[in-house]
Amino acid sequence: MLTATAEVPAAVDAPASTEPAWAWRDAPISTLVQRIQQLQNERAQAFRRLDQAHRQYLLSGQHHDFPSYRSVVHEVTQAFAAASREVLAVEAELAGPRAQPVLARHVRSLQDLEQTRLATVALLQVMGTPGVSEQEDPEKLHQLKIKVIKTMEAISEVLQELRFDAESAE
């Protein structure tokens, strides 16, 4: 499994009457922003792994490699979920105790954009599967690929804005 799952305490998303133990609670804003960048890098790595597994699955001919692909999808899904929990914890920290609503909005934008990217990539993979791909409009596939690219560009822009605004906040 990817590292993101091991780094997120279970208490982050568990409702409790006491404060959850969170490793980043007293960290400087710059450290929180660095952690967001690390999580984005982990997400990028997970996307590469998902793409590689899908390509391998398609190349397997009779698609005997589906259990392997399904296993990677499961691992990647768990990694995305763990990264999302931690990103949401950073957002809550910035919006609440740190009183940094601009930075919190950037983090929320990243989360929303990553959800869009994941849903679009998943749809592209389904549409690229033999038996389905013959029924799909090539223009629709092209539009989805463009959507992924534009979403990735937007993610880069938000990360840049986050870094810039974080420097101003400290």
Side-chain angles (χ1 to χ4, degrees), residues 1-8 12-13 32-95 101-166:
M1 236 183 258
L2 296 173
T3 58
T5 57
E7 296 176 12
V8 178
V12 167
D13 63 345
L32 295 177
V33 171
Q34 287 173 351
R35 183 62 188 142
I36 292 293
Q37 183 64 54
Q38 289 170 346
L39 291 166
Q40 287 303 116
N41 291 341
E42 290 174 17
R43 284 174 165 168
Q45 181 182 35
F47 272 113
R48 284 190 298 274
R49 187 156 183 234
L50 185 62
D51 183 59
Q52 181 182 25
H54 186 251
R55 289 176 194 268
Q56 186 64 37
Y57 166 66
L58 293 177
L59 291 173
S60 68
Q62 296 293 321
H63 306 294
H64 298 297
D65 207 19
F66 184 72
S68 175
Y69 172 65
R70 183 177 51 206
S71 175
V72 170
V73 168
H74 176 73
E75 289 175 20
V76 166
T77 299
Q78 291 200 339
F80 280 128
S84 292
R85 284 191 301 271
E86 193 166 351
V87 166
L88 293 173
V90 171
E91 177 195 10
E93 179 74 10
L94 291 169
V102 171
L103 299 181
R105 279 193 299 275
H106 290 321
V107 173
R108 168 51 61 182
S109 292
L110 282 173
Q111 183 66 17
D112 293 344
L113 288 164
E114 285 292 355
Q115 287 176 337
T116 298
R117 180 180 176 198
L118 181 58
T120 307
V121 167
L123 183 57
L124 273 169
Q125 286 190 354
V126 168
M127 290 174 69
T129 304
V132 177
S133 60
E134 294 82 15
Q135 301 169 13
E136 293 300 332
D137 176 16
E139 182 59 30
K140 184 175 182 180
L141 285 170
H142 178 71
Q143 289 173 355
L144 287 172
K145 289 176 183 176
I146 296 297
K147 183 177 180 178
V148 170
I149 292 167
K150 288 185 180 286
T151 302
M152 291 170 65
E153 290 171 352
I155 288 168
S156 293
E157 289 173 15
V158 171
L159 278 171
Q160 189 172 10
E161 291 170 7
L162 176 64
R163 286 189 293 268
F164 178 78
D165 289 340

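Please read all numbers here as calculations on a predicted model, not as lab measurements. The figures here come from the full heavy-atom set of this structure, side chains too, leaving out hydrogens, waters and symmetry mates.
- In the displayed structure, Q160 atom CD is contacted under 6.0 Å by at most 12 heavy atoms of other residues, nucleotides or ligands.
- Rounded to the nearest 0.5 angstrom, R117 CZ and T151 OG1 are separated by 8.5 Å.
- Atom NZ of residue K145 and atom CE of residue M127 lie 9.5 Å apart, to the nearest 0.5 angstrom.
- T120 OG1 to Q125 CD: the interatomic distance, rounded to the nearest 0.5 Å, is 11.5 Å.
- Side-chain atoms of V87 and I36, non-hydrogen and from C-beta on, do get closer than 4.5 Å to each other.
- Between E42 and R49 there is no salt bridge, since no side-chain N of the basic residue sits under 4.0 Å from a carboxylate O of the acidic one.
- Shown here for A46 and V76, the closest heavy-atom pair between the two residues is O-CG2, 3.8 Å.
- No more than 12 heavy atoms of other residues, nucleotides or ligands sit less than 6.0 Å from atom CD of Q52.
- Salt bridge annotation for R105-E91: absent, with no cationic side-chain nitrogen under 4.0 angstrom from a carboxylate oxygen.
- Residues Q45 and R48 are in side-chain contact: their nearest non-hydrogen atoms beyond the backbone lie under 4.5 Å apart.
- At least one side-chain heavy atom of V73 sits less than 4.5 Å from a side-chain heavy atom of T77.
- The shortest distance between side-chain heavy atoms of S84 and Q111 falls below 4.5 Å.
- Every residue two or more places apart in sequence or in another chain that forms a side chain to side chain donor-acceptor pair (under 3.5 Å) with R163 is listed here: Q37.
- Rounding to the nearest 0.5 Å places CG of L162 at 13.0 Å from CD1 of I155.
- Distance check, rounded to the nearest 0.5 Å: CG of L124 to CG of L144 gives 4.5 Å.
- Between E114 and Q40 the shortest heavy-atom distance is OE2-NE2, 2.7 Å.
- Going from atom CG of L103 over to atom CD of E161 covers 11.0 Å, rounded to the nearest 0.5 Å.
- Closest approach of F47 and V121 over heavy atoms only: CE2-CG2, 3.9 Å.
- Within the 4.5 Å cutoff, no side-chain heavy atoms of H106 are placed close to those of L110.
- D165 is linked by a salt bridge (charged side-chain N to carboxylate O under 4.0 Å, His left out) to nothing, counting only residues two or more places apart in sequence or in another chain.
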Verdict with reasoning, R108 to L88, per side chain to side chain contact (heavy atoms under 4.5 Å, CB included): CA-CA 8 Å; R108 168 51 61 182; L88 293 173; 3.0 Å; yes

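- A cation-pi arrangement, defined by a distance under 6.0 Å to the six-membered ring centre and an angle within 45 degrees of its axis, is absent between R43 and F80.
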